[in-house]
Amino acid sequence: MTVKKIAILTSGGDAPGMNACIRAVTLAAASDNIEVIGFRHGYNGLLKSEWVPLTTQTVHNLLQRGGTLLHSARCEKFKHPEQIRLAAQVLENHELDGLVVVGGNGSFMGALALQEVWDKPVVGIPGTIDNDVAGTDYTVGYHTAIQTAVESLDKVRDTADAFERIFVVDVMGREAGFIALNSAIGAGADHVLLPETFSTAEDELAKILDKLEKRRNNKANASHIIVITENLWPGGLNDLATSLQSKTGVDVRILSLGHVQRGGSPDWHDRVLATKLGTYAVQLIREDKKGVMSGIQHRYPAAIPLDPSKVERKALNDYSLLIQNKITLIH
Ligand code: ATP
């Protein structure tokens with residue numbers, strides 16, 4: 001099929017490297033003489049036809065910039081069929097031959113709904129710090145978010161050591177433990193709490209206390225850092241800190257890393273990934289591939305169907321879980 005004009009939007013939680021995706025799509029399209037426009041503010045901008053032209057000049061020096069030039073947003077009303085039909089009409093009015101949606105699982109549900117009522121390709125690029133999109137090995141933004149968490153945890157270790165404190169640090173991830181597990185390994189944290197393995201508050205508290213006791217007997221690190229995925233502890237972090245402090249008599253501090261993990265310049269990994277996936281997304285549109293994501297599998301871009309019935313929960317790496325448990329018992 002002849003492709004003359006395509007659009008791109010960024011949706012859901014923002015992630016470092018979304019700009020690199022916009023740049024790659026724009027440059028790959030320009031090299032094939034395809035015009036590109038960007039809808040602003042996720043699906044909101046699509047519904048309102050709020051758009052900007054994207055040219056090689058627009059994306060100059062965009063590769064290394066955090067955030068998203070097009071802004072991101074959540075758009076609840078996009079879940080209603082009449083809004084999806086309105087969006088398809090906007091795409092038709094612009095005489096578009098394809099749409100690229102950069103986002104996570106929710107954004108891909110929107111992309112699929114749109115694909116059902118529009119006959120041109122809608123292609124996803126997994127862009128979320130959470131890495132919770134099944135089918136692709138990695139999502140754009142994930143590596144940078146871990147790097148940010150690791151740098152923060154290193155600093156926490158310095159201050160925690162000085163006062164021989166326990167620190168509970170909460171990292172992002174929604175319902176997935178990828179950021180928590182890998183930042184814990186990367187920063188040498190002493191314990192990690194993950195949605196995938198969490199049982200009950202009582203059991204988990206017992207495990208933490210057991211490990212603290214062993215480490216005290218081993219005369220291990222003076223401080224103890226516990227990494228936890230956001231919103232996981234029933235009753236919140238204060239509740240966990242109070243329980244720990246009363247059982248151990250050790251000073252406990254809590255810290256929520258929060259949105260800093262979404263910001264900053266993407267690292268080299270996310271820049272390369274975004275460039276591969278953005279370029280491949282344009283190729284998929286030219287090949288008229290519908291309802292797929294431009295994802296990465298074993299280092300190569302792959303067209304992965306956006307089929308919700310096939311999307312299982314993406315599993316953590318067993319080996320990473322194993323080593324985290326093994327090494328924290330002895331150091
Ligand atoms: P992240 O996980 O990084 O926050 P995400 O894309 O999963 O990214 P969501 O907030 O789940 O973020 O979804 C983003 C947007 O996708 C929603 O605000 C909505 O516009 C659209 N969306 C989500 N689910 C659906 C659905 N079932 N049908 C249509 N659109 C949807």
Side-chain angles (χ1 to χ4, degrees), residues 6-26 36-47 50-51 54 66-79 83-84 87 90-91 98-116 118 121-145 172-176 178-179 259 261-263 266 270 273-278 280-282 284-285 290-296 301 303-308 311 314:
I6 64 173
I8 180 169
L9 60 84
T10 51
S11 163
D14 55 300
M18 280 185 159
N19 269 331
C21 293
I22 296 168
R23 170 184 177 268
V25 166
T26 304
V36 187
I37 64 168
F39 289 107
R40 288 159 53 84
H41 305 119
Y43 290 121
N44 292 301
L46 173 57
L47 290 172
E50 187 193 352
W51 64 277
L54 292 171
T68 156
L69 170 86
L70 295 172
H71 303 285
S72 192
R74 310 207 194 257
C75 175
E76 268 309 299
K77 66 180 174 191
F78 204 68
K79 294 178 180 168
Q83 297 293 319
I84 304 282
V90 174
L91 295 171
L99 173 70
V100 177
V101 173
V102 186
N105 286 316
S107 303
F108 288 173
M109 293 299 288
L112 259 184
L114 193 50
Q115 187 67 90
E116 275 163 24
W118 194 48
V122 181
V123 172
I125 296 179
T128 165
I129 62 169
D130 303 332
N131 200 39
D132 58 348
V133 179
T136 183
D137 293 344
Y138 298 113
T139 57
V140 173
Y142 168 60
H143 280 85
T144 307
M172 282 189 161
R174 282 192 130 178
E175 275 126 49
F178 293 96
I179 296 178
H259 284 76
Q261 294 160 96
R262 291 192 185 279
D270 281 326
L273 182 64
T275 306
K276 279 184 187 169
L277 301 191
Y280 191 58
V282 176
L284 290 174
I285 290 176
K290 298 193 175 91
V292 294
M293 131 176 75
S294 167
I296 194 95
I304 301 153
L306 291 178
D307 182 346
V311 173
K314 187 172 174 181

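Quick note: residue numbers are just sequence positions, from 1.
In this structure, the side chain to side chain contact (heavy atoms under 4.5 Å, CB included) partners of Leu91, at least two apart in sequence or on a different chain, are Phe39, Leu46, Leu96, Leu99, Leu114, Trp118. For Phe178, the ring pair (Phe, Tyr, Trp, His ring centres under 6.0 Å) criterion is met by no residue, not counting sequence neighbours. Listed by chain and residue number, Leu47, Lys77, His80, Leu86 satisfy the side chain to side chain contact (heavy atoms under 4.5 Å, CB included) test with Gln83 (two or more places apart in sequence, or in another chain). In terms of the ring pair (Phe, Tyr, Trp, His ring centres under 6.0 Å) criterion, residue partners of Tyr138 (sequence neighbours excluded) are, by chain and number, His143, His269. Every residue two or more places apart in sequence or in another chain was checked for a side-chain hydrogen bond (donor to acceptor under 3.5 Å, both in side chains) with Arg174, and none qualifies. In this view, Phe108 satisfies the ring pair (Phe, Tyr, Trp, His ring centres under 6.0 Å) rule with no residue, not counting sequence neighbours. Residues forming a salt bridge (Lys or Arg N to Asp or Glu O under 4.0 Å) with Glu116 (at least two apart in sequence, or on another chain): none. For Ala20, the side chain to side chain contact (heavy atoms under 4.5 Å, CB included) test picks out Leu63, Ala274, with sequence neighbours left out. Residues meeting the salt bridge (Lys or Arg N to Asp or Glu O under 4.0 Å) test with Lys276, sequence neighbours left out: none. Applying the ring pair (Phe, Tyr, Trp, His ring centres under 6.0 Å) test to Trp51 and every residue at least two apart in sequence or in another chain returns His94. Judged as a side chain to side chain contact (heavy atoms under 4.5 Å, CB included), and not counting sequence neighbours, the contacts of Ala73 are His41, Asn44.
Taking the side chain as every heavy atom from C-beta outward, Asn131 and Lys314 approach each other to under 4.5 Å. For the pair Val282/Val36, no side-chain contact is recorded, criterion being any heavy-atom separation below 4.5 Å from C-beta on.
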### Message
Between Tyr142 and Thr128, is the side-chain contact (heavy atoms from CB on, under 4.5 Å) condition met? List the steps.
### Response
CA-CA 7 Å; Tyr142 168 60; Thr128 165; over 6 Å; no
### Task
Check the pair Val102, Leu70 against side-chain contact (heavy atoms from CB on, under 4.5 Å), reporting the backbone distance first and the verdict last.
CA-CA 11 Å; Val102 186; Leu70 295 172; over 6 Å; no
### Query
Are Leu306 and Met293 close enough, and set up right, to give a side-chain contact (heavy atoms from CB on, under 4.5 Å), and what steps lead you there?
CA-CA 6 Å; Leu306 291 178; Met293 131 176 75; 3.6 Å; yes
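In terms of modelled atom types and a separation under 3.5 Å, the side chain of Asp270 and the main chain of Val140 share no donor-acceptor contact. Using a distance-only test at 3.5 Å, with no hydrogens or angles considered, a donor-acceptor pair links the side chain of Ser294 to the main chain of Leu277. Asp130 contributes no side-chain N or O that, together with a main-chain N or O of Ala176, makes up a donor-acceptor pair within less than 3.5 Å. Proximity of a side-chain donor or acceptor of Lys290 to a complementary backbone N or O of Gln115 within less than 3.5 Å is not detected. The closest donor-acceptor contact from the side chain of Tyr43 to the backbone of Ala111 lies under 3.5 Å.
With rounding to the nearest 0.5 angstrom, the CZ atom of Arg23 is 13.0 Å from the CG atom of Leu54. The CD1 atom of Ile296 sits 6.5 Å away from the OG1 atom of Thr136 when rounded to the nearest 0.5 Å.
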Under 3.5 Å, sequence neighbours excluded: what are the donor-acceptor pairs made by side chains of residues 6-16?
from  : atom 1 : to     : atom 2 : distance (Å)
Thr10 : OG1    : Thr68  : OG1    : 2.9
Thr10 : OG1    : His71  : O      : 2.9
Ser11 : OG     : Ser107 : OG     : 2.7

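Taking each heavy atom of Val123 and Ala281 in turn, the nearest pair found is CG1-CB, 3.9 Å. Of all the heavy atoms in Ala145 and Ile179, the pair that sits closest is CB-CD1, 4.2 Å. Ile285 approaches Pro121 most closely through the heavy-atom pair O-CG, 3.8 Å. Taking every heavy atom of both residues into account, Pro266 and Gly66 meet most closely at CD-N, 4.2 Å.
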